[in-house]
K.L.:
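Sharing a structure with you now.
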Amino acid sequence: MIGMQEALAEARAAAARAEVPVGAVLLGPDGAILAADGNRVEERHDASAHAEMLVLRRAGVLLGTPRLIGCELVVTLEPCAMCAAAIAGFRIRRVVFGAYDPKGGGIEHGARVFEAPGSLHRPEVVGGVRESECAALLRDFFQQRR
């Protein structure tokens, strides 16, 4: 899967910064990486500094548009409701994620943002890509903090 290796590297870098290890990569319509980052919530003192939000914002600036038509988001954890709403707003073509998040997810769990009648956009969604590896990274991070 193009992008997941890079997203995992960003998640590991986030863990090294004492951030929840979630990494995201945004691929352009041609498959080239437009942006990659990991969570920076603690570093920036910003609850919205999720990996997904950071790469979406960066790509929007890079491309000079608030609509990232044809782009694909690859992320190590199922996006939360906030990130899912942003994904819809940015008109992402496809979302690929690793670990499912029954507690905080907003796509397959919880709010199920894309299924809401008022959803601005419904991207293609593929979950469970390298799920074990993504989940282990999160599990190990939280076990070390207990």
Side-chain angles (χ1 to χ4, degrees), residues 1-29 31-63 66-68 70-116 119-146:
M1 166 57 50
I2 296 172
M4 188 56 82
Q5 186 63 34
E6 293 83 359
L8 279 160
E10 292 292 344
R12 289 185 193 97
R17 295 189 302 271
E19 298 277 359
V20 174
V22 177
V25 172
L26 191 74
L27 304 172
I33 294 176
L34 296 175
D37 212 336
N39 278 356
R40 294 184 182 272
V41 171
E42 302 301 327
E43 172 187 308
R44 294 188 180 181
H45 311 289
D46 178 355
S48 72
H50 290 193
E52 302 96 307
M53 299 295 287
L54 297 172
V55 300
L56 292 168
R57 290 174 182 150
R58 190 170 304 135
V61 169
L62 178 70
L63 297 177
R67 285 167 292 287
L68 303 173
C71 292
E72 179 174 321
L73 179 69
V74 180
V75 60
T76 57
L77 180 65
E78 176 184 350
C80 69
M82 172 185 68
C83 292
I87 289 164
F90 276 99
R91 308 300 197 274
I92 298 301
R93 178 184 62 83
R94 184 176 189 216
V95 178
V96 175
F97 67 86
Y100 289 87
D101 188 356
K103 186 176 177 183
I107 294 177
E108 300 287 332
H109 297 90
R112 298 179 190 254
V113 171
F114 305 141
E115 294 177 22
S119 181
L120 297 173
H121 174 73
R122 290 177 179 84
E124 176 186 347
V125 176
V126 178
V129 174
R130 294 179 73 172
E131 180 180 4
S132 298
E133 191 174 355
C134 293
L137 190 59
L138 287 156
R139 188 174 46 253
D140 293 347
F141 176 82
F142 287 112
Q143 282 178 347
Q144 290 174 6
R145 272 137 186 82
R146 290 185 184 132

K.L.:
Please list all pairs meeting salt bridge (charged side-chain N to carboxylate O under 4.0 Å, His left out) that have one or both residues in residues 76-92, counting only residues at least two apart or in different chains.
P.N.:
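Checked against salt bridge (charged side-chain N to carboxylate O under 4.0 Å, His left out) - neighbours excluded - no pair reaches residues 76-92.
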K.L.:
What residue among Val74, Leu73, Leu63 forms side-chain contact (heavy atoms from CB on, under 4.5 Å) with Leu26?
P.N.:
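The option that passes is Leu73.
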K.L.:
Apply side chain to side chain contact (heavy atoms under 4.5 Å, CB included) to Val126 and Phe97, showing your working.
P.N.:
CA-CA 6 Å; Val126 178; Phe97 67 86; over 6 Å; no
K.L.:
Can Arg58 and Asp37 be counted as an ion pair, charged N to O under 4.0 angstrom?
P.N.:
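Asp37 and Arg58: salt-bridged.
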K.L.:
Scan the side chains in residues 134-145 for donor-acceptor partners under 3.5 Å anywhere in the protein, sequence neighbours excluded, and list what turns up.
P.N.:
{"residue": "Arg145", "atom": "NH1", "partner": "Phe141", "partner atom": "O", "Å": "3.3"}

K.L.:
Measure the CD-OG1 distance between Glu6 and Thr76 for me, rounded to the nearest 0.5 Å.
P.N.:
12.5 Å
K.L.:
Considering only residues two or more places apart or on different chains, which pairs with a residue in residues 95-107 satisfy salt bridge (charged side-chain N to carboxylate O under 4.0 Å, His left out)?
P.N.:
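Sorted result for residues 95-107: empty, none.
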K.L.:
Give me the one residue out of Glu124, His121, Arg122, Glu108 that meets side-chain contact (heavy atoms from CB on, under 4.5 Å) with Phe114.
P.N.:
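With Phe114 as partner, side-chain contact (heavy atoms from CB on, under 4.5 Å) holds for just one option, Arg122.
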K.L.:
Is there side-chain contact between Pro21 and Arg12, with heavy atoms separated by less than 4.5 Å?
P.N.:
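Answer no - side chains too far apart.
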K.L.:
Within a radius of less than 6.0 Å around CZ of Arg67, do more than 12 heavy atoms belonging to other residues, nucleotides or ligands occur?
P.N.:
no
K.L.:
Let me see the working for Ser48 and Arg57 under side-chain hydrogen bond (donor to acceptor under 3.5 Å, both in side chains), right down to the final yes or no.
P.N.:
CA-CA 11 Å; Ser48 72; Arg57 290 174 182 150; 3.3 Å; yes
K.L.:
Is the shortest side-chain N to carboxylate O distance from Glu43 to Arg17 below 4.0 Å?
P.N.:
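Looking at Arg17 together with Glu43, the answer is yes, because their closest N to O distance falls below 4.0 Å.
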